[in-house]
Amino acid sequence: MTLAPFRPFVVAIDGPAAAGKGTLALALADRLGLPHLDTGLLYRAIGKLMAIRGFDLDDAELAGEFARALDPEDLKRDDLRGREAGELASRVAVHPQVRAALVDFQRAFAARPPGAVLDGRDIGTVICPDAQVKIYVTASPEVRARRRTDELLAKGRDVRYETILAETKERDDRDANRAVAPLRPAPDAVVLDTSDLDRAGALSAALAIAAAKRTAEG
Ligand code: DC
């Protein structure tokens with residue numbers, strides 16, 4: 001009897017900002033017993049490191065150099081989570097040099113047995129087009145802006161829903177209309193709209209999608 005070569009089980013979670021992908025990807029990874037990579041952190045770290053040194057984020061060549069020099073330790077910085085780092089990330093993410101430099105790191109993470117859950121914008125389309133499970137998590141801009149506003153208000157921040165809604169739409173626009181790896185669902189992704197789902201509801205829907213694929217894989 002010959003054994004089929006082991007194929008790592010890869011789950012690609014993509015979608016716009018604040019759709020709940022990060023929370024869902026973490027919970028899914030935990031339930032499936034797989035490591036998780038939040039790929040947004042790669043772009044956030046590059047944006048932040050450049051901004052701290054006062055470099056021009058629109059300089060594609062320089063941003064590419066930062067991407068090639070990125071150290072996995074940089075992903076542990078504690079200043080990468082906020083809105084400001086998200087904005088910086090979205091700006092450096094438009095550069096093809098940056099995206100190209102990050103491909104191998106992400107693919108190597110996914111290829112290590114037993115597999116992985118990766119969340120981002122182009123995981124199912126560019127980074128792991130052969131992922132067994134592809135979920136495109138989305139929600140209306142209004143619902144995403146409302147969730148983000150509530151999160152920030154709960155942290156004691158002084159924010160207005162209208163401002164967050166405008167920022168959300170601006171970020172969607174930049175992510176969806178860039179020339180390289182624009183945000184869009186892979187043709188074989190299952191679209192999961194979380195507008196009317198809470199965290200538990202989104203997780204059980206995603207688990208059902210993953211279970212169906214795992215069964216189909218045999
Ligand atoms: O998921 P996030 O909010 O951490 O992402 C921050 C920015 O990084 C987002 O506006 C677009 C970019 N990004 C990307 O282009 N590709 C990815 N795989 C992940 C993030």
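For ligands, and for the atoms within them, numbers begin at 1 and follow the listed sequence. For reference, positions follow the sequence shown, starting with 1.
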Using a 6.0 Å cut-off, check whether atom [atom1] of [X] has over 12 heavy atoms from anything other than its own residue.
{"X": "D196", "atom1": "CG", "value": "no"}
{"X": "R81", "atom1": "CZ", "value": "no"}
{"X": "R68", "atom1": "CZ", "value": "yes"}

Just go through R178, R44, K21 and tell me whose heavy atom is the nearest to atom 3 (O) of ligand 1. R44

Does any N/O atom on [X] come nearer than 3.5 Å to any N/O atom on ligand 1?
{"X": "R171", "value": "yes"}
{"X": "Q106", "value": "no"}
{"X": "D119", "value": "no"}

Mark the output for R174 as yes if a heavy-atom distance to ligand 1 is under 4.0 Å, and as no if none is. no

Does E87 have a non-hydrogen atom less than 4.0 Å from ligand 1? no

[atom]: nearest protein contact (heavy atom, Å):
{"atom": "atom 12 (C) of ligand 1", "value": "A93 CB, 3.7 Å"}
{"atom": "atom 1 (O) of ligand 1", "value": "R121 NH1, 2.8 Å"}
{"atom": "atom 11 (C) of ligand 1", "value": "D175 OD1, 3.5 Å"}

Quick one: ring pair (Phe, Tyr, Trp, His ring centres under 6.0 Å) pairs with a partner in residues 27-86, sequence neighbours left out? F55-F66

Once side-chain contact (heavy atoms from CB on, under 4.5 Å) is applied, do any residues pair with A69, and if so which ones, sequence neighbours excluded? none

Under a 4.5 Å side-chain heavy-atom rule over Ile, Leu, Val, Met, Phe, Trp and Tyr, are V11 and V137 clustered together? yes

Apply side chain to side chain donor-acceptor pair (under 3.5 Å) to the pair S90 and R174, showing each step before the final yes or no. CA-CA 7 Å; S90 172; R174 198 184 300 139; 2.8 Å; yes

